[in-house]
Amino acid sequence: GAGAGVGTGEEGGAKDVAGAAAAAAATAAGASGLDVRGVTAFFFALYFLMATQDIAVDGWALTMLSKRNRGRGPVCNSIGQNIGYFLSFVGFLAFNDAESSENLWRPLLGLPSRPGTGIVSLGGFIKFCGVLMLSITTLVALFKTEASSPPKKAQQEQGSGGAVKKRGLSRTKSHDEIEDDGDNDAELDAAELGLRETYKRLWAVCQLPAVRGLFLVLITYRLPTALSDNVKFLKAVEFGLSKQTTALLSPTLILPLGIAVPIVAARVWHGRPLTQFMDAYKVRVTLTALFDVAMLLAVRTLRHSTDLNSRMVFWFAIIGSTGLQAIVHSLQFNGQMTFFAQRVDPAIGGSYMTLLNTAANLGGTWPASFVMYLMGQLTVPPDCAVDTNTGEQVCTGGRDAYFPLQALLSILGLVWIFTMGNKVKHIAELPDEAWRTHIEKDEHGVEMGNKENEKEKKRKSKLEGNRDPKSE
């Protein structure tokens with residue numbers, strides 16, 4: 001929220017992205033030598049500098065699009081994030097893996113053979129990203145200009161009349177123009193509010209019953225799916241799933257679904273983002289969990305099988321689990337972001353959007369740590385010894401906590417749907433006014449909200465009621 005009150009979105013975002021990019025480029029050379037504390041400090045600085053850029057982008061999604069097109073912003077957001085995620089995370093893993101690079105990418109790209117070495121290194125990749133961020137940020141700072149907010153008096157003159165006067169001529173505005181003007185009247189430049197005022201308004205937002213109810217949903221809904229989101233692929237690698245298989249699935253399955261699903265969802269659930277959210281969640285805690293278990297069992301038991309039926313089952317389980325998770329995740333993310341864009345108060349749009357996104361991110365991070373802790377506490381490692389006759393390692397005993405924990409979390413997900421489903425439906429039906437603080441400043445600069453206005457009305461009404469009728 002701090003960045004929302006300092007400079008325009010372009011200025012604040014460009015400066016902080018430049019700082020983050022410089023930090024990434026400068027640290028790349030020594031990336032391999034950092035210890036845990038050094039990595040923690042580096043990424044703290046990186047995320048700190050990127051926070052303002054995040055607010056600027058959230059604000060642009062509100063101010064660059066007209067009100068009738070604002071629902072398309074989350075579709076662009078989802079598609080862009082999926083492409084960026086693929087290139088920066090999955091793409092790096094694919095090109096960094098020595099086996100995938102030697103057997104797949106070098107022959108495909110016509111590069112000379114270098115066994116045991118990936119195409120890209122961690123330090124080189126971070127340096128490349130830093131330079132790329134600096135270049136893009138420089139281009140944005142040089143060529144992207146933001147229109148200054150029109151004077152409030154001019155806004156008031158053309159906001160309510162529904163007519164436009166130009167060179168002595170007048171015409172009636174269309175419905176879309178009037179709708180856009182009404183929306184633009186409420187928009188304020190965060191730089192005009194100032195840092196203190198921005199935080200005061202964000203605190204007022206947190207006091208709204210609608211926002212508190214949404215916070216409760218965002219903080220809790222990811223716990224039943226945390227095992228699938230954070231542990232499934234780690235467990236699959238433990239069972240023997242190769243990085244080459246992951247590299248093959250990413251460009252052929254995850255990326256196309258990440259781009260196509262938001263577009264299709266906008267047509268299927270048009271105007272009902274939380275219905276889309278809940279429909280995907282029901283599949284996520286039931287069918288997706290079953291496919292995840294099937295995938296892990298297939299990887300553990302069938303990865304070395306050579307007969308056709310076993311290979312078909314193996315690939316069906318992997319593709320089904322990976323594809324279904326990508327679909328439901330994209331549906332929920334798109335529905336969530338669409339709902340945010342529809343409900344936020346444009347007066348502090350970027351900060352408001354980031355506040356909701358922060359709650360959503362927190363709802364995804366704490367369950368990850370929690371289920372990792374549970375996995376560590378409940379898993380009993382097997383006793384392993386080398387067979388003197390065969391020379392192979394033989395393991396006995398032990399207990400894998402993944403499968404019973406997955407069953408428990410799926411039951412928890414069904415309980416969440418039963419207890420919180422009506423809450424989500426209620427939040428979806430709330431009017432726009434339920435998400436507004438209505439904090440304004442009068443002509444003397446005194447801040448007044450709904451509560452203050454109501455107190456003033458009651459005081460005047462009480463004074464009028466106490467007047468002696470004979471004195472009039």
Side-chain angles (χ1 to χ4, degrees), residues 73-91 93 217-236 241 246 249-269 272-296 317-341 356-372 406 409-410 412-414 416-417 420 424:
V75 177
C76 302
N77 189 331
S78 181
I79 293 175
Q81 285 204 31
N82 275 285
I83 294 175
Y85 173 83
F86 167 75
L87 293 176
S88 63
F89 180 68
V90 180
L93 291 178
V217 172
L218 295 175
I219 292 295
T220 57
Y221 87 95
R222 292 286 292 274
L223 178 59
T225 66
L227 203 63
S228 175
D229 295 342
N230 303 282
V231 182
K232 178 185 71 174
F233 271 105
L234 295 177
K235 184 61 66 174
L241 184 68
T246 305
L249 287 173
S250 300
T252 58
L253 187 63
I254 297 177
L255 181 62
L257 287 176
I259 295 175
V261 168
I263 299 174
V264 176
R267 297 180 179 275
V268 176
W269 285 279
R272 298 176 297 151
L274 289 191
T275 301
Q276 171 185 324
F277 179 90
M278 286 302 298
D279 289 346
Y281 190 68
K282 293 172 184 177
V283 176
R284 192 172 185 177
V285 299
T286 54
L287 192 58
T288 304
L290 292 176
F291 267 88
D292 292 345
V293 172
M295 185 197 82
L296 292 178
I318 291 179
I319 293 174
S321 174
T322 306
L324 192 59
Q325 184 180 19
I327 290 172
V328 294
H329 178 271
S330 184
L331 284 174
Q332 283 204 280
F333 179 77
N334 177 253
Q336 172 184 297
M337 294 300 294
T338 301
F339 184 77
F340 291 173
L356 299 181
N357 282 331
T358 300
N361 292 336
L362 180 61
T365 52
W366 79 263
S369 301
F370 181 66
V371 297
M372 290 286 191
Q406 179 63 79
L409 291 178
S410 294
L412 181 62
L414 294 176
W416 191 95
I417 293 172
M420 298 293 290
V424 176

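Given the structure is predicted, the values throughout are model-derived calculations rather than measurements.
- Q406 places none of its side-chain heavy atoms less than 4.5 Å from the side chain of L296.
- You'll find the side chain of V261 stays beyond 4.5 Å of the side chain of N334, heavy atoms only.
- Shown here are the side-chain hydrogen bond (donor to acceptor under 3.5 Å, both in side chains) partners of T220, two or more places apart in sequence or in another chain: W416.
- By the side chain to side chain contact (heavy atoms under 4.5 Å, CB included) test, A266 is found to be paired with V75, residues two or more places apart in sequence or in another chain being considered.
- The closest donor-acceptor contact from the side chain of S410 to the backbone of T286 lies at 3.5 Å or more, if one exists at all.
- Residues forming a salt bridge (charged side-chain N to carboxylate O under 4.0 Å, His left out) with K235 (at least two apart in sequence, or on another chain): E238, D400.
- Listed by chain and number, the residues in a side chain to side chain contact (heavy atoms under 4.5 Å, CB included) with L290 amount to none (sequence neighbours excluded).
- Residues passing the side chain to side chain contact (heavy atoms under 4.5 Å, CB included) test with L362, sequence neighbours excluded: I219, T365.
- Note: W366 and F370 have tilted aromatic rings, judged against thresholds of 30 and 60 degrees for the angle between ring planes.
- Listed by chain and number, the residues in a ring pair (Phe, Tyr, Trp, His ring centres under 6.0 Å) with F233 amount to none (sequence neighbours excluded).
- Every pair passing salt bridge (Lys or Arg N to Asp or Glu O under 4.0 Å) that includes a residue from residues 275-287 is listed here, sequence neighbours excluded: D229-R284.
- Using modelled atom types, one side-chain atom of Q325 and one backbone atom of S228 make a donor-acceptor pair closer than 3.5 Å.
- Partners of W269 according to the ring pair (Phe, Tyr, Trp, His ring centres under 6.0 Å) rule, which considers only residues two or more places apart in sequence or in another chain, do not exist here.
- We find the OH-CZ distance between Y281 and R222 to be 9.5 Å, quoted to the nearest 0.5 Å.
- To the nearest 0.5 Å, atom CG of residue L241 and atom CG of residue L234 are 11.0 Å apart.
- Applying the ring pair (Phe, Tyr, Trp, His ring centres under 6.0 Å) rule to F277 yields the partners Y221; only residues at least two apart in sequence or on another chain are considered.
- With rounding to the nearest 0.5 Å, the separation of CD in Q336 from CG in L218 is 5.5 Å.
- In plain terms, the two heavy atoms of Q276 and G335 that are nearest each other are NE2-N, 3.3 Å.
- Of the inter-residue distances, the one linking L324 atom CG with I319 atom CD1 reads 13.0 Å to the nearest 0.5 angstrom.
- From H329, atom NE2 reaches atom CG of L331 across 10.5 Å, with rounding to the nearest 0.5 Å.
- Partners of A326 according to the side chain to side chain contact (heavy atoms under 4.5 Å, CB included) rule, which considers only residues two or more places apart in sequence or in another chain, are L257.
- T225 is not listed as a side-chain neighbour of L409, based on a closest heavy-atom distance of 4.5 Å or more.
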